[in-house]
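As structure tokens, the structure follows; a few thoughts come after it.
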Amino acid sequence: MSEGLKELPVPFYLPLERKMESRELYEQVFYEDTEKFVDYYYSCKIQDNEILASEEEGQIVSMLHLNPYQMIVNGYELKSNYIVAVATHKDHRHRGYMRMLLEKALKDMSCQGMPFTFLMPVNESIYAPFDFVWICPYTKLPGRVMQMDMEAQNRYLAARYQMFCKRDGRYMEYQTAEKLAEEGEPEPEKMPPYMARITDVCQMLRLAGSREKRELYLRVKDSVISKNNGYFLWHASEEDSRAERLETVPDRLDLELTVGELASMIFGGFRICLSEVV
């Protein structure tokens, strides 16, 4: 980390009672969002998300939000964070705030054993240097599916996709509130696709099976998350998939790739449905 970054204030997670203080920065940066939508976001989504922020002189100058989702991936249920509202005050940009927040968030999610995180980028060039890769387009589900209850939606998705956000009571509650917040607003002509980033290599490999039974020795390069940077043994089959980090260099090496290339390889084999906005 450069000397300039060391001088930046240490980022921290806002306690619930301070989360509303981030609204001013949200409205300044995401000025295209209607007041009705921002009201929805700050009355619902901040109740169970995490807001990582940096402040100067009591003012929040940079932030990113981690919105939790229960995911179904190849039949496994797990938690993942959807990164949204990445913003820096116009007077504090190009100082390294975003890099500092992203790196801390990625390391924290890795410590929690979270396999991956995802986002819908405004600009690919912001996230590609952090090994985020494209994984799927926005999926517009048929209206009849959106009218189904949560059990029926989960059955519909499980029959067609290997990865999707699980519908539960909270998801359905937010979905209804979001629709009301967007009522009367023109529908975007095209939604951006999604990007994702592996935060725990071993946990991610556990989600990816193989039609043929195989044992692969991997060298993964990750400049941000140290536990992802090294050698791994991946046992994969249709019935089971597991991986372990190796403490020594293996005698053979089957694949050498960056954590981003590994993400492209794994997500590229999934049928994915994502249609979440925040």
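As the structure is a computational prediction, the values presented were derived from the model and not from experiment.
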Any Asp131 side-chain heavy atom under 4.5 Å of Thr258 side chain: yes

Approximate separation, where rounding is to 0.5 Å, of Glu151 CD and Met172 CE: 8.5 Å

Full working for side chain to side chain contact (heavy atoms under 4.5 Å, CB included) between Lys166 and Met150: CA-CA 9 Å; Lys166 182 184 178 182; Met150 62 186 183; over 6 Å; no

Test side chain to side chain contact (heavy atoms under 4.5 Å, CB included) applied to Asn67 and Tyr41, step by step: CA-CA 11 Å; Asn67 291 351; Tyr41 186 88; 3.4 Å; yes

Co-members of Leu180 in a cluster of I, L, V, M, F, W and Y side chains, linked at under 4.5 Å: none

Ile83 vs Leu102 side-chain heavy atoms within contact, under 4.5 Å: yes

Residues, nucleotides or ligands: over 12 heavy atoms within 6.0 Å of Glu77 CD: yes

Worked check of side chain to side chain contact (heavy atoms under 4.5 Å, CB included) between Ile198 and Val220: CA-CA 11 Å; Ile198 292 175; Val220 181; over 6 Å; no

Listed partners of Arg93 passing side chain to side chain donor-acceptor pair (under 3.5 Å), at least two apart: none

Salt-bridge present (Asp200, Arg206; N to O < 4.0 Å): no

Spacing of Met71 atom CE and Asn81 atom CG [to the nearest 0.5 Å]: 10.5 Å

Between CE on residue Met109 and CD on residue Glu50, distance to nearest 0.5 Å: 9.0 Å

Residue list, salt bridge (Lys or Arg N to Asp or Glu O under 4.0 Å) with Asp168, at least two apart or on another chain: none

Minimal non-hydrogen separation, Tyr97 against Pro9, with atom names: OH-CD, 3.5 Å

Flag side-chain contact, heavy atom, 4.5 Å: Met98 against Val86: yes

ring-ring contact (aromatic ring centres under 6.0 Å, His included) partners for His92, two or more places apart: His89

hydrophobic_cluster_shared for Phe130 and Val259, side chain cutoff 4.5 Å: no

Side chain to side chain donor-acceptor pair (under 3.5 Å) partners of Arg167, counting only residues at least two apart: Gln153, Tyr171

Shortest non-hydrogen separation from Ser80 to Met114 and the atoms involved: CA-SD, 3.7 Å

Connected via hydrophobic side-chain network under 4.5 Å: Tyr217 and Val249: yes

Glu57 atom CD: more than 12 heavy-atom contacts under 6.0 Å: no

CG-CD distance between Asp33 and Glu185, expressed to the nearest 0.5 angstrom: 9.5 Å

Donor-acceptor pair, side chain of Lys104 and main chain of Pro11, under 3.5 angstrom: no

Nearest-0.5 Å distance, CE of residue Met20 to CG of residue Leu14: 12.0 Å

Polar side-chain atom of Ser275 near backbone of Tyr138 as donor-acceptor pair, under 3.5 Å: no

Main-chain N/O of His235 paired with Glu215 side-chain donor or acceptor, under 3.5 Å: no

Any side-chain heavy-atom pair of Leu262 and Met265 under 4.5 Å: yes

Cluster link Met191 to Phe118, ILVMFWY, side chain under 4.5 Å: yes

Backbone of Leu207 reached by a side-chain donor or acceptor of Asn74 within 3.5 Å: yes

4.5 Å side-chain heavy-atom contact, Leu274 and Ile135: yes

In one Ile/Leu/Val/Met/Phe/Trp/Tyr side-chain cluster, 4.5 Å: Leu106, Leu78: no

Residue pairs fulfilling side chain to side chain donor-acceptor pair (under 3.5 Å) with at least one residue in residues 8-25, sequence neighbours excluded: Tyr13-Asp108, Arg18-Glu21, Arg18-Glu55, Lys19-Asn49, Ser22-Tyr42, Arg23-Glu27, Arg23-Asp39

Minimal non-hydrogen separation, Lys79 against Pro68, with atom names: CE-CB, 3.8 Å

Partner residues of Tyr127 under the ring-ring contact (aromatic ring centres under 6.0 Å, His included) criterion, sequence neighbours left out: Phe132

Partners meeting ring-ring contact (aromatic ring centres under 6.0 Å, His included) with Phe37 (sequence neighbours left out): Tyr40

Nearest non-hydrogen partners of Met163 and Val73, listed with the distance: CG-CG2, 3.9 Å

Ring geometry between Phe30 and Tyr26 (parallel below 30°, tilted from 30 to 60°, perpendicular above 60°): tilted

Derivation of the side chain to side chain contact (heavy atoms under 4.5 Å, CB included) call for Lys36 and Glu183: CA-CA 9 Å; Lys36 191 176 180 183; Glu183 214 168 44; 4.1 Å; yes

Verify same cluster id: Leu64, Val29 (apolar side-chain graph, 4.5 Å): no

Lys221 side chain near Asn229 side chain, heavy-atom distance below 4.5 Å: yes

Sequence-distant partners of Ser241, side chain to side chain donor-acceptor pair (under 3.5 Å), two or more places apart: Trp234

Over all atoms of both residues, closest heavy-atom pair of Glu178 and Val278: OE1-CG2, 3.8 Å

Side chain proximity check, Ile225 to Arg197, heavy atoms < 4.5 angstrom: yes

Residues that Tyr174 engages under ring-ring contact (aromatic ring centres under 6.0 Å, His included), provided they are two or more places apart: none

Counterpart residues, side chain to side chain donor-acceptor pair (under 3.5 Å), relative to Glu35 (two or more places apart): none

Closest heavy-atom pair and its distance - Trp134, Pro193: CZ3-CG, 3.2 Å

Members besides Val145 in its Ile/Leu/Val/Met/Phe/Trp/Tyr cluster (side-chain heavy atoms under 4.5 Å): Ile72, Leu141, Met146, Met148, Tyr156, Leu157, Tyr161, Phe164

Tyr82 side, atom OH; Glu276 side, atom CD - distance, nearest 0.5 Å: 7.5 Å

Lys213/Glu239 ion pair, N-O < 4.0 Å: no

4.5 Å side-chain heavy-atom contact, Phe232 and Cys202: yes

